[in-house]
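Presented below is the structure to which this report refers.
Chain letters run A, B, ... following the sequence lines, proteins first, then strands; residues in each count from 1.
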There are 2 protein chains.
Amino acid sequence: MAIRDGAFLQIGEVAERTGVTQRTLRFYEEKGLLKPPSRMDGGFRLYSEEDVQRVEQIRRLQKLLGMSLAEIKDLVEAEELKTQIRAGWSREAGSDEKRSRLMETIAITEKQHAIIREKAEQLQHMQHELEGKLETYRGWLAQLEAAPAG
Amino acid sequence: MAIRDGAFLQIGEVAERTGVTQRTLRFYEEKGLLKPPSRMDGGFRLYSEEDVQRVEQIRRLQKLLGMSLAEIKDLVEAEELKTQIRAGWSREAGSDEKRSRLMETIAITEKQHAIIREKAEQLQHMQHELEGKLETYRGWLAQLEAAPAG
DNA sequence: GCGTCACCTTACGCGCACGTCAAGGTGAGA
DNA sequence: TCTCACCTTGACGTGCGCGTAAGGTGACGC
């Protein structure tokens, strides 16, 4: 039976939910894409829902953007930073530090945004190109239907 | 000195123009992504402008969509089919065959379109997500600027 | 106690997409 | 004819992203 200690998941469940293998989860951890999860006494990994979302994000970045894990690592490290900021947001040190951290976060997010925006634009370009081709082909087809002579 | 026999290019020039290595060009040929180019007497490969465009398309599909060369091969084979259709368009057999080929081409193009459309949509989703985050962060920053007390 | 099951680490293996020599042939000018 | 840049075909090497045992641990059920 699974453990369901509140919101913690074992590696098998995380694998099932995210569609990756356990090996992949350990691999991501090894490569620094996932922070080392907490453990049970026996050494079993205990993942949070946040970890699950991280995995899903990694997969999206892999499949949508074709990014390498090294590149993705940079991005998720940035995400980590954001989480840290939110965590210590209210109770922490001076507002100067908050401000500088926040600006860093914004800079990182803007970078991510720029990357995605560019790809999205290129994809839309390809999309429109294909739509044009399709119209052409359909035009030809219509001509054929209209003039059945060889 | 390069040869410039009309529109034919040696592998080195193609490499330079497309930004891939000569090895990569031979590799693509080996894998069936590029049709075997014509050759000089001595065996040197002679590429056409069309080949150059094919290479550029392959690279786009790789980088934008993160597709494997095997997947790309399917797509460019479809492109090849289209080219064949256009080549033998007027002088070839019955209009029935034309029609069926054309419909096949349309089906292939629609598939490509569907793939790209989906990716483009997902990317736009991510893009909007990031834009939302950015607004949030900028709001926080504004709050900080307004209330300088720790 | 014993089996089963889900997990653990360690470590070698694999497919992909090329990189990188090595050894030699080709083409055109001095 | 010589030279030299450019090309040829192997064939082995490399980095990435995992796959796949092999051997062991801890908790549960009988």
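- Distances from the side chain of Q10(A) to the nucleotides dG19(D), dG27(C), dC7(C) place dC7(C) closest.
- Judged by closest nucleotide on DNA chain C, K31(B) is the one of R23(B) and K31(B) placed further toward the 5' end.
- The hydrophobic cluster containing V76(B) also contains L69(B), counting ILVMFWY residues as joined when their side-chain heavy atoms lie under 4.5 angstrom apart, directly or transitively.
- Candidate nucleotides dC8(C), dT8(D), dC18(D) were compared by shortest atom distance to the side chain of R59(A), and dC18(D) ranks first.
- Under a cut-off of 6.0 angstrom, the local environment of NE2 in H128(B) is crowded, with over 12 non-hydrogen atoms contributed by other residues, nucleotides or ligands.
- For dA11(C), the OP1/OP2 oxygens have no side-chain nitrogen or oxygen of R26(A) closer than 4.0 Å.
- Phosphate proximity of dC7(D) to R45(B): absent, as no side-chain N or O sits under 4.0 Å from OP1 or OP2.
- When the P atom of dT8(D) is taken as reference, atom OH of Y47(B) falls 7 Å away, rounded to whole Å.
- When the nucleotides dT9(D), dC7(D), dA17(C) are ranked by their closest atom to the side chain of F27(B), dA17(C) comes out on top.
- The interatomic distance linking K73(A) (NZ) with dC18(D) (C1') rounds to 17 Å, in whole Å.
- The pair E131(A)-R117(B) does not count as a salt bridge, with every side-chain nitrogen at least 4.0 angstrom from each carboxylate oxygen.
- Residue Y28(B) has no polar side-chain atom (N or O) positioned under 4.0 Å from OP1 or OP2 of dA17(C).
- At whole-Å resolution of the value, CG in L25(A) and P in dA6(C) are 16 Å apart.
- Per the geometry, CG belonging to L33(B) stands 13 Å off C1' belonging to dC16(C), to the nearest Å.
- For Q62(B), taking side-chain heavy atoms from C-beta onward, the closest of the listed nucleotides dA17(C), dG17(D), dC7(D) is dA17(C).
- As a whole-Å value, the separation of K63(B) NZ from dC18(C) P is 11 Å.
- Using a cutoff of 4.0 Å between basic side-chain nitrogens and carboxylate oxygens, R99(B) and E145(A) are scored as salt-bridged.
- Remark: C1' of dC21(C) and CD of Q22(B) are 14 Å apart, rounded to the nearest angstrom.
- For T24(B), the listed nucleotide lying nearest its side chain is dG19(C); candidates were dC7(D), dG19(C), dC8(C).
- One atom, CE of M40(A), and another, C1' of dC8(C), lie 12 Å apart when rounded to the nearest Å.
- For S68(B), taking side-chain heavy atoms from C-beta onward, the closest of the listed nucleotides dG17(D), dC18(D), dA17(C) is dA17(C).
- Here R45(B) pairs with E29(B) in a salt bridge; the nearest charged N to carboxylate O distance falls below 4.0 Å.
- Note: CD (E30(A)) to C1' (dC12(C)) measures 13 Å, nearest angstrom.
- Here T21(A) reaches the OP1 or OP2 of dG19(D): one of its side-chain N or O atoms lies under 4.0 Å away.
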